[in-house]
Amino acid sequence: MARNNDLSFLKNSDPEICNAILGEEKRQAEGLELIPSENYVSRAVLEANGSVLTNKYSEGYPKKRYYGGQEFTDIVETIAIERVKKLFGCSYANVQPLSGAPANIATYFALMEPGDTVLGMDLSHGGHLTHGHPVTYMVKIFNYIRYKMKNPDTGEIDYNELKETALRERPKIILAGFSAYSRELDYEKFVSIAREVGAITVADMAHIAGLIAAGVLKNPFDAGFDIITSTTHKTLRGPRGGLILVRENEEFAKKIDKMVFPGLQGGPHMNNIAAKAVCFGEALRPEFKTYAAQILKNAKAMAEVFHGRNIRMLGGGTSNHLILADVYGSMGITGKEAETVLDEVGITLNKNMIADDPRKPMDPSGIRFGTPAITTRGFREEECREVARLMLDTLENKDNEPKKKEIRARILELALRFPVPDQFF
Ligand SMILES: *Cc1c(COP(=O)(O)O)cnc(C)c1O
C-alpha cells in the first residue's frame, strides 16, 4: 500500500504530520471514493509534484523571467503548454493558475471591467461557486445573471430563456460549465447566441476536462468557444491546479497571461506545473481514451441501478461521469443523512442541492457522486452496479447496524481487491 512518495525523512522529522499523511493514505485505500471531482494521480505525477522544483522562483513566462537559473523550469513549462494545447486543440495556454477558482477569477478580470455582466448556469441547476455565488467576493465586482434547465428531469437547458436574457442584459461573458450537471451542453447554441450579442464564450470544464481531452465528450472549442478554463485534478487525473486555454484569439491570450501574472499571482508553482505536464502526457496516450470511456460506462451502469429502484435522478440519468440523485424526494432521506450513513460503510460522496431545492444548502435533498476515481482503481460495470446496489441498501437500512456492518465489510473487500494503482499504462 505504498502510495505516498518515500516518507523516510518525514517519519523522523515530523511524526505528527507523517502519521496524518499515512492515515489519509489508508483512508483512500480502504474506502470507495465517489466524489466526482476527486481522483488518484499516478506515482509519476506524485513524484513531479514532490520534486525540488518547489524551491524555484520563476516569475514570468518561459524566456521572459524576472530571475535567473531558468534553464530547467523553462523546459518544464514549455512542455506543459505544448502538451495541453495539443490535448485540447487550441493556440494558447496558461498553465500557471494555482487552481480552478483562481483560473476563473483571472479570466473574469482579464476580459471584463468592474460592473460587467456574466451570464452563467444557475447554481442550484449545476453551476459552480466561482460562477457568481453570493458568498464569493466576485459578486461585488461583476454582475452575475443566470440561465436554468427547462426541465430538471431531462436536464435540457432552456436555450430560449438563455437567448432572451442575453439579448436583454448584453453580458460580456457567457459561461458554460458546471459541477453538478449530468448531461451534455449544446455548445453550438451558446456560441450562436454569444455571437448575436457580442459576448465572449467561456467554458469552465473543470469536471469534464479529462472526458473532453479523451474525446468521449464534445470539445467546446469545436463549436467555436473562445476560452476554456479548467482544473487539472478531476477527470484529467493530474495534480491540484488550474489552467486557461484560448482557442485562437491572441489578444485574449495576452490579457490572460498578464492577469495571471503579475495581475493576480506571484511566482508559479513549478513543481505543480511539472506534475501538470506529466498528467497531460498521460492524457495524450491512447490508453487514456479507454479510461475515459470506462468512466462513462460505469456511471451509466450505476444510473441503471438507481433507475431500476425508482430513485429520481436530476437530468433523468447521466451522459457524463456523475449522477445527482434526489434521495429526499425518492426515499425521504436528506442529502446530509445519506452522506453520513454512506460514510459509515466506507463510501465517500457529497450532499448536494438539487434544482430548485426546497431544502437548505447544509442539508439539501440530493447526493452527488461519480465514477472517475473508482474507474482509476479498475472498477468496471459489474462492480459499479454492485456499489450502486450497496449504496441503496445502506440508505434503506440506515438504522440497521448489523446490515451496515455487513455492507462495510463488502466495501472493504472491493477496495482491497482493487488497490489504488501506481501507474495506469
Ligand atoms: C472544481 C471546480 C472549480 C474550482 O476548482 P478549485 O480547484 O477547487 O478551485 C471551478 N469550476 C468548476 C466548474 C469546478 O467544478
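Just so it is clear, the structure is predicted and the values come from calculations on it, not from any experiment.
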Check your understanding: Quick check: are there more than 12 heavy atoms from other residues, nucleotides or ligands sitting under 6.0 Å from NZ of Lys336?
Key -> no
Review point. Is Ile105 close to Thr130 at the side-chain level, that is, under 4.5 Å between some pair of heavy atoms?
Key: no
**Study point:** Min side-chain heavy-atom separation Ile411-Leu390 under 4.5 Å
**Key:** yes
Check your understanding: Can you check whether Tyr181's main-chain N or O pairs, donor with acceptor, with Asn320's side chain at less than 3.5 Å?
Key -> yes
Review point. Do Phe424 and Tyr40 have ring centroids that are under 6.0 Å from one another?
Key: no
Practice item. Return each pair, listed once, that meets salt bridge (Lys or Arg N to Asp or Glu O under 4.0 Å) where at least one residue sits in residues 54-73; pairs must be two or more places apart or across chains. Key: Arg65-Asp74, Arg65-Glu77
Exercise for review: Would you indicate whether the side-chain heavy atoms of Ile244 and Tyr92 approach each other to under 4.5 Å?
Suggested key: no
Review point. Any sub-3.5 Å donor-acceptor pair from Lys276's side-chain atoms to Gly242's backbone N or O?
Key: yes
**Study point:** Residue pairs involving residues 148-171 (criterion ring-ring contact (aromatic ring centres under 6.0 Å, His included); sequence neighbours excluded)
**Key:** Tyr159-Phe190
Exercise for review: Examine distances only and state if a side-chain atom of Asn39 and a backbone atom of Lys234 form a donor-acceptor pair shorter than 3.5 Å.
Suggested key: yes
Review point. Among pairs that include at least one residue of residues 246-270, which meet salt bridge (Lys or Arg N to Asp or Glu O under 4.0 Å), considering only residues two or more places apart or in two chains?
Key: Glu250-Lys254, Glu251-Lys255
**Study point:** Passing option when Gln70 is tested against Phe72, Tyr67, Tyr66 for side chain to side chain contact (heavy atoms under 4.5 Å, CB included)
**Key:** Tyr67
Check your understanding: Any chance CZ of Arg146 has more than 12 other-residue heavy atoms, nucleotides or ligands included, within less than 6.0 Å?
Key -> yes
Point to revise | Donor-acceptor side-chain pairing of Asn271 and Ser51 below 3.5 angstrom | key: no
Exercise for review: Please round to the nearest 0.5 Å and tell me the distance separating atom CG of Leu324 and atom CZ of Phe369.
Suggested key: 9.0 Å
Review point. Side chains of Gln423 and Glu282: is there a donor and an acceptor less than 3.5 Å apart?
Key: no
Check your understanding: Is it true that a side-chain atom of Asn298 and a backbone atom of Phe379 form a donor plus acceptor pair closer than 3.5 Å?
Key -> yes
Check your understanding: When rounded to the nearest 0.5 angstrom, what distance separates CE in Met302 from SG in Cys384?
Key -> 6.0 Å
Check your understanding: Would you find more than 12 non-hydrogen atoms of other residues, nucleotides or ligands less than 6.0 Å from Lys163 atom NZ?
Key -> no
Study note, to complete from the structure: Value for CZ (Arg195) from CD1 (Ile200), rounded to nearest 0.5 Å, stands at 12.5 Å
**Study point:** Pairs touching residues 104-127 that satisfy salt bridge (Lys or Arg N to Asp or Glu O under 4.0 Å), sequence neighbours left out
**Key:** Asp116-Lys172
Check your understanding: Distance from Leu243 atom CG to Thr229 atom OG1, nearest 0.5 Å?
Key -> 8.0 Å
Would you tabulate the side-chain donor-acceptor contacts of residues 136-145 under 3.5 Å, counting partners in other chains and residues two or more places apart, or write 'none'?
unit_1 : atom_1 : unit_2 : atom_2 : d
Thr136 : OG1    : His133 : O      : 2.7
Asn143 : ND2    : Thr117 : OG1    : 2.9

Practice item. Please check if the side chain of Thr371 supplies one atom and the backbone of Ile295 the other of a donor-acceptor pair under 3.5 Å. Key: yes
Exercise for review: State, yes or no, whether a side-chain contact exists between Ile174 and Ile193 at a heavy-atom distance under 4.5 Å.
Suggested key: yes
Point to revise | Heavy-atom closest contact (Asn272 atom, Arg240 atom, distance) | key: ND2-O, 2.7 Å
Check your understanding: With a distance cut-off below 6.0 Å to the six-membered ring centre and an angular limit of 45° from the axis, does Arg237 pair with Tyr291 as a cation-pi contact?
Key -> yes
Study note, to complete from the structure: Residues Pro62 and Ile81: closest non-hydrogen pair is CG-CD1, 4.5 Å
Exercise for review: Taking side chain to side chain contact (heavy atoms under 4.5 Å, CB included) as the test, write out the residues that go with Glu287, two or more places apart.
Suggested key: Arg285, Phe425
Practice item. Using a 4.5 Å cut-off on heavy atoms from C-beta on, say whether the side chain of Leu264 contacts that of Met259. Key: yes
Check your understanding: Thr376 side chain to Pro372 main-chain N or O, any donor-acceptor pair under 3.5 Å?
Key -> yes
Review point. Of the non-hydrogen atoms in Cys90 and Leu245, which two are nearest, and what is the gap between them?
Key: SG-CB, 3.9 Å
Revision key, fill the gap. Scanning both residues in full, the closest heavy-atom pair of Thr318 with Leu322 reads OG1-O, 2.7 Å
Review point. Where is the tightest heavy-atom contact between Glu33 and Ile374, given as atom of each residue plus distance?
Key: O-CG2, 3.8 Å
Review point. Under the side chain to side chain contact (heavy atoms under 4.5 Å, CB included) criterion, do Leu129 and Leu123 qualify, and how do the steps go?
Key: CA-CA 7 Å; Leu129 271 177; Leu123 299 165; 6.0 Å; no
Exercise for review: For Asp357 and Ser124, indicate whether the former's side chain and the latter's backbone hold a donor-acceptor pair under 3.5 Å.
Suggested key: no
Review point. Any ion pair linking Arg43 and Asp422 (charged N to carboxylate O, less than 4.0 Å)?
Key: yes
Check your understanding: Short question: side chain of Ser42, backbone of Val45 - any donor-acceptor pair under 3.5 Å?
Key -> yes
Review point. How close do Val84 and Ala93 get, heavy atom to heavy atom, and via which atoms?
Key: CG1-CB, 3.5 Å
Check your understanding: Are Phe88 and Phe221 close enough, and set up right, to give a ring pair (Phe, Tyr, Trp, His ring centres under 6.0 Å), and what steps lead you there?
Key -> CA-CA 8 Å; Phe88 290 92; Phe221 281 149; 7.5 Å; no
Review point. Can you find a pair of side-chain heavy atoms, one from Met313 and one from Asp326, that are under 4.5 Å apart?
Key: no
Exercise for review: Could you list the residues that satisfy salt bridge (charged side-chain N to carboxylate O under 4.0 Å, His left out) with Glu24, not counting sequence neighbours?
Suggested key: Arg27
Exercise for review: Could you pull out all residues at least two apart from Lys150 that satisfy side chain to side chain contact (heavy atoms under 4.5 Å, CB included)?
Suggested key: Glu156, Asp158
Check your understanding: Does a salt bridge link Glu413 with Arg410, judged by any charged N lying under 4.0 Å from a carboxylate O?
Key -> yes
Exercise for review: Flag yes if more than 12 heavy atoms outside Arg417 fall under 6.0 Å of its CZ atom; otherwise flag no.
Suggested key: yes
Review point. Taking only residues two or more places apart in sequence, or in another chain, which ones meet Thr201 in a side chain to side chain donor-acceptor pair (under 3.5 Å)?
Key: Asp226
Review point. For the side chain of Arg385 and the backbone of Val305, is there at least one donor-acceptor N/O pair under 3.5 Å apart?
Key: no
Review point. Is Glu383 close to Arg380 at the side-chain level, that is, under 4.5 Å between some pair of heavy atoms?
Key: yes
Check your understanding: Considering residues at least two apart in sequence or located in another chain, which fulfil the salt bridge (charged side-chain N to carboxylate O under 4.0 Å, His left out) criterion with Asp356?
Key -> Lys148
Check your understanding: Which ring-ring contact (aromatic ring centres under 6.0 Å, His included) pairs, counting each pair once, include a residue from residues 233-252, with sequence neighbours left out?
Key -> none
Review point. About how many Å separate CD1 of Ile173 and CG of Leu119, when rounded to the nearest 0.5 Å?
Key: 11.0 Å
Check your understanding: Side chains of Ser37 and Ser179: does their closest heavy-atom pair fall under 4.5 Å?
Key -> no
Can you give me every donor-acceptor pair (side chain of residues 205-215, partner residue at least two apart or in another chain, under 3.5 Å) with its distance?
unit_1 : atom_1 : unit_2 : atom_2 : d
His207 : ND1    : His321 : NE2    : 2.9
His207 : NE2    : Arg368 : NH1    : 3.3

Review point. Between the main-chain N or O of Pro15 and the side-chain N or O of Asn19, is there a donor-acceptor pair closer than 3.5 Å?
Key: yes
